[in-house]
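To start, the structure under review is shown below, and the notes come after it.
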Amino acid sequence: MEKYTALIHKLHKTRRLSGKEWAFLISGRTPKLSEYLFSLARKEQEHYYGKDIFVRGLIEFSNYCKNDCLYCGIRRSNRKACRYRLDEDAILACCHEGYALGFRTFVLQSGEDASYTKDRLVNLVRKIRKNFPDCAITLSVGEWDKSSYQEFFDAGADRYLLRHETYNTNHYAKLHPKALSAKNRRQCLWDLKDIGYQVGTGFMVGAPYQTPELLAEDMLFLKELNPQMVGIGPFIPHHDTPFKDKPAGTMELTLFLLGCIRLMLPKVLLPATTALGTIHPRGRELGILSGANVVMPNLSPQGVRKSYLLYDNKICTGEESAQCRDMLEQKTASIGYRIVTSRGDSLNMPQNAANS
Ligand code: 5AD
């Protein structure tokens, strides 16, 4: 036990551990150690962000995807997925609704939908930028070449979410089709950073074949990339994918890693993800109490919400929906935090890299 506490102190003080130390800490965690970690993570979070919890309106605008990731419910070869695509007007209507509800960040997420070409996305971003000059625009539309990322940025996108999924090349290959590679994924992230986006990355906790040693590589990569946001959530099997019989990741490990990430990158924006809310009714609140400080309610039109199914039983009612701001506010207040409606930029901004 002492050795583990000493590692948490080292992480807290130096903001880093070696790969071996990470694997050791992750394998040896106990409920008592986790409670201690969470208390330090909460202090760290409060030091930089007070009791503020940021909200982002998530618009899942297309579930068409040309990729075939083995874990994902909207993979190309899932013929049972009910496909939809929102047009520009429908997306703008979501933004207007979200704006009235108090959202000042819109996250536009989709599968890699070939009919949303670079030019179409540029036009979409331009329109949102023109209509909502005081809002942040976050894109989460997968892998593109650097010049396309640059065009989205020039059109007005501020932030980009692209999980690295797993750092390790062999592990990456077990989760993805041949056409995708860990190397290219990481190159995309470096390109995004270089352009000046606020970048978010992350991975699934308990993904098939994951080990503490592989998670250690993920933690080292997070430290190296030093992103503005990190999204992690448990892997949850989807019944129409090759991983349908694989066990889900646990809330317990997800919370532990949230606490570790808060200590390693104290200024990072850390969402309590939908997947975390899906595996446990209090997942989101417990995420906040472990170091998370962002929630991303769903702003997609009611009619399509049930179709953006990356995994089974995904929540899309209650405080998950943007229309239930009151419930979200109450639940957040009940654990001593408050929802804020600013853009919620990271304190670890690209231009301040030196002071991160
Ligand atoms: N369980 C949990 N998360 C998933 N994602 C995709 N499929 C699943 C699943 N079955 C995550 C991936 C992706 C993000 C949008 O959703 O990490 O990057």
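Because the structure is predicted, anything quoted here is derived from the model rather than measured. All ligand and atom numbering here is 1-based and tracks the order in the structure.
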> Hey, would you say the H164 and Y172 ring centroids sit under 6.0 Å apart?
Replying inline: no
If you have a sec, work out which protein heavy atom is nearest [atom] and how many Å separate them, to one decimal?
atom                    : value
atom 2 (C) of ligand 1  : P234 O, 3.3 Å
atom 18 (O) of ligand 1 : E165 OE2, 2.5 Å
atom 7 (N) of ligand 1  : Y71 CD1, 3.3 Å

> Would you call D134 and R104 a salt bridge, using N to O less than 4.0 angstrom?
Replying inline: yes
> With the threshold set at 4.0 Å, does a side-chain nitrogen-carboxylate oxygen contact exist between R186 and E165?
Replying inline: no
> If hydrogens are left out, which of R163, K314, M204 has an atom nearest to atom 14 (C) of ligand 1, that is, the closest non-hydrogen atom?
Replying inline: R163
> Can you tell which of L310, I236, I74 gets a heavy atom nearest to atom 1 (N) of ligand 1?
Replying inline: I236
> Where does the angle between the aromatic ring planes of F106 and F132 fall among parallel (under 30°), tilted (30 to 60°) and perpendicular (over 60°)?
Replying inline: perpendicular
>> For S140, which part has a heavy atom under 4.0 Å from ligand 1: side chain, backbone, both, or neither?
In response: neither
>> Looking at Y197, I'd like to know if the NZ or CZ of R159 sits under 6.0 Å from its six-membered ring centre while staying within 45 degrees of the ring's axis.
In response: no
>> One pair to check against salt bridge (charged side-chain N to carboxylate O under 4.0 Å, His left out): R15 and E44. What are the steps and the verdict?
In response: CA-CA 12 Å; R15 310 279 183 217; E44 223 36 68; 3.0 Å; yes
> Relative to the heavy atoms of C72, which atoms of ligand 1 are at a distance of less than 4.0 Å?
Replying inline: 7 (N)
> Quick one: which ligand 1 atoms are inside 4.0 Å of a heavy atom on F235?
Replying inline: 1 (N), 2 (C), 10 (N)
